[in-house]
Amino acid sequence: MSSHGKNLDFDNFVDEMQWRGFFEQCTNEVGLRKLLTEESVTAYIGFDPTADSLHVGSLLPIMGLVHLQKHGHRPIGIVGGGTAMVGDPSGKTELRQMLTLEKIEENLAGIREQLSHFIKFDEGGHEPGAGLLLNNADWLKDYGYIEFLRDVGRYFSVNQMLARDSVKSRMEKGLSFIEFNYMILQAYDFMVLNRDHGCRLQMGGNDQWGNICSGIDLCRRFNQSEVFGLTFPLLATATGAKMGKTADGAVWLDPKRTTPYDFYQYWVNVDDRDVSRFLRLYTLLSRKDIEELEKLEGADIRQAKKVLAREVTAQVHGREEANRSVKAAEALFSGKADTSSVPSSDRPAVDFEGNGLLLLEALVDCGLMKSKGEARRMIRQNAVRVEGEVVSDEMLSLTTSHIVEGKVALQVGKKRHHHIKVK
RNA sequence: GGGGGGGUUCCCGAGCGGUCAAAGGGAACAGACUGUAAAUCUGUCGUCAGUAGACUACGGAGGUUCGAAUCCUCCCCCCCCCA
């Protein structure tokens, strides 16, 4: 496939994926490379509609589709409205709670919106490389059981299914029949996409390997079509934590769930050892730029982290938000200047009059603390600051004297900030 | 359907009538040290109140006890073996 567009350091998709670290396993690398040079290939990745927002964990597959499209191929995103009703046993230790159809519909809309920041979708036109976003409920939900068994079930060997890692790993903990069927449904998705949209490649996390292989088998049997699979590594941070997890849970792409500032901070605070990997995986910077940044050592690595954070934030929230986050961080960590992007809340001026507002309560209200007990503990540990001053009195009340420039600046630990704006 | 083993605080995992808000580990958070990193050391880690108190917690519902996570009954869920 001829490469067009900007920033192409590699003349084919597979080379780029390998250099960037996306490439974990491929069902037939030689065959796939050949196919990709011969034609514009349609490939798909599935996303789970378990929430109305994607999170950092989904960023990796999203970037996979971005690179695919960049190389002139066509990405399809599948939102598993049908399969979400079943639950994938892969990588899980327990049965997932089931979602209602309505909830899934809602989630779908949110996800579609987010994906559209990354991928150029077909707006009813006929652009060759424009992506598609489909809901597998469209072809799964009205399929009759008997019919499905006869059409699809006949192609599956239980012996083979039992041999899959995703199933084996659940033999101890238990696996319900509904989950056992998941791989069949996913395989069926691949078959439908292959048949109806000419899809030849499925990508996904390495935990999807078994499901992808099942799909490939089904395509061969059902459509007599040769298709391929490519998996991405399952990322963990250098300290072994799951990617995109913090104390407060997942890092979301939705600014209402994770503010752009917190999102930016997540990336700035990445472990030194992860920076290079993440630059390759999560940014679209050129090979040259990334290799320059990888040369940095010691404290200078922070420069690379800032670039990483700025780039990823810009991709998710836009350049403008990214710049605001950069400024806010600089203001807070260097002690001055523009603080307009620091997370904040509003409070009427009367709250500070007279006896004022108990700091304990303010900390809980603004979300910095989960409970007053926790707030007390933090104060005891000298972790709380008001206007930069360490607080030692648990019973301190915030009064008008704490208001500086129309706000009260709260800080917990070194990194968590919140401004109460006085209205 | 029968027999056996289990369900404990964010996770793993002890406890098996009081001394249990529950050992130990992990994660997390804070302090020191630093580079908004890692490692290390120290502290914290149910809620409310505030030094000694109350409340809510050990799958669910009852019960026995002065007193239960610990004993009994019923129910739900999981694993293993047999049919």
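Base pairing annotation: B:C45 forms no Watson-Crick or G-U wobble pair, as no partner gives both donor-acceptor distances under 3.5 Å. B:U40: Watson-Crick or G-U partner is B:A32, with both key distances under 3.5 Å. Pairing for B:G24 is with B:C12, a Watson-Crick or G-U wobble pair whose two hydrogen-bonding atom distances lie under 3.5 Å. In this entry B:U70 has no Watson-Crick or G-U wobble partner, no candidate having both defining distances under 3.5 Å.
Relative orientation of the A:F278 and A:Y282 rings is perpendicular, given thresholds of 30° and 60° on the angle between their planes.
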For A:E311 and A:R319, run salt bridge (Lys or Arg N to Asp or Glu O under 4.0 Å): C-alpha distance rounded to whole Å, both residues' side-chain angles, the deciding distance at 0.1 Å, then the answer.
CA-CA 8 Å; A:E311 287 302 311; A:R319 280 283 156 205; 3.2 Å; yes
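For the pair A:H417 NE2 and B:A30 P, the interatomic distance rounds to 11 Å; values are reported in whole Å. Atoms CZ (A:R273) and C1' (B:G35) sit 15 Å apart, rounded to a whole Å. Atom P of nucleotide B:G35 and atom CD of A:Q303 are separated by 14 Å, given to the nearest angstrom. Residue A:N382 contributes atom CG, which lies 13 Å from atom P of B:A30 at whole-angstrom precision. Rounded to an integer number of Å, the gap from A:F333 CZ to B:G35 C1' is 12 Å.
A:K295 has no carboxylate O lying under 4.0 Å from a charged side-chain N of A:E291, or vice versa, which leaves the two without a salt bridge.
Aromatic ring centres of A:F333 and A:H417: separated by under 6.0 Å. Between A:H67 and A:F22, the ring centre distance stays below 6.0 Å. Checked against the 6.0 Å centroid criterion, the rings of A:W252 and A:F263 do not qualify as a close aromatic pair. Here the two rings, on A:Y188 and A:F222, have centers that are 6.0 Å apart or farther. Between A:F23 and A:F232, the ring center distance fails the sub-6.0 Å criterion.
Looking at A:Q315 and A:T283, their side chains never bring a donor and an acceptor atom within 3.5 Å of each other.
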Report, as a single string ordered 5' to 3', how protein heavy atoms within less than 4.0 Å touch nucleotides 40-55 of chain B: B base, S sugar-phosphate only, - not at all.
---BSS-SSSB-----
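Taking atom C1' in both B:A30 and B:C16, one finds a spacing of 36 Å when rounded to whole Å. Taking atom P on both B:A54 and B:C74, the two are 36 Å apart, rounded to the nearest angstrom. Between B:G62 and B:A68, the distance separating the two C1' atoms is 14 Å to the nearest Å. Taking atom P on both nucleotides, B:G60 is separated from B:C76 by 15 Å, rounded to a whole Å.
Two residues are said to be in side-chain contact when any heavy atoms from C-beta on lie closer than 4.5 Å; A:I420 and A:F352 meet this criterion.
Interface residues of residues 409-416 of chain A facing RNA chain B, ordered by number: A:G413, A:K414, A:K415, A:R416; criterion, heavy-atom separation under 4.0 Å.
At the heavy-atom level, A:A383 lies under 4.0 Å from the strands shown only through sugar-phosphate atoms.
Residue side chain A:D272 reaches the base of B:G35 through a donor-acceptor N/O pair under 3.5 Å, judged by distance alone.
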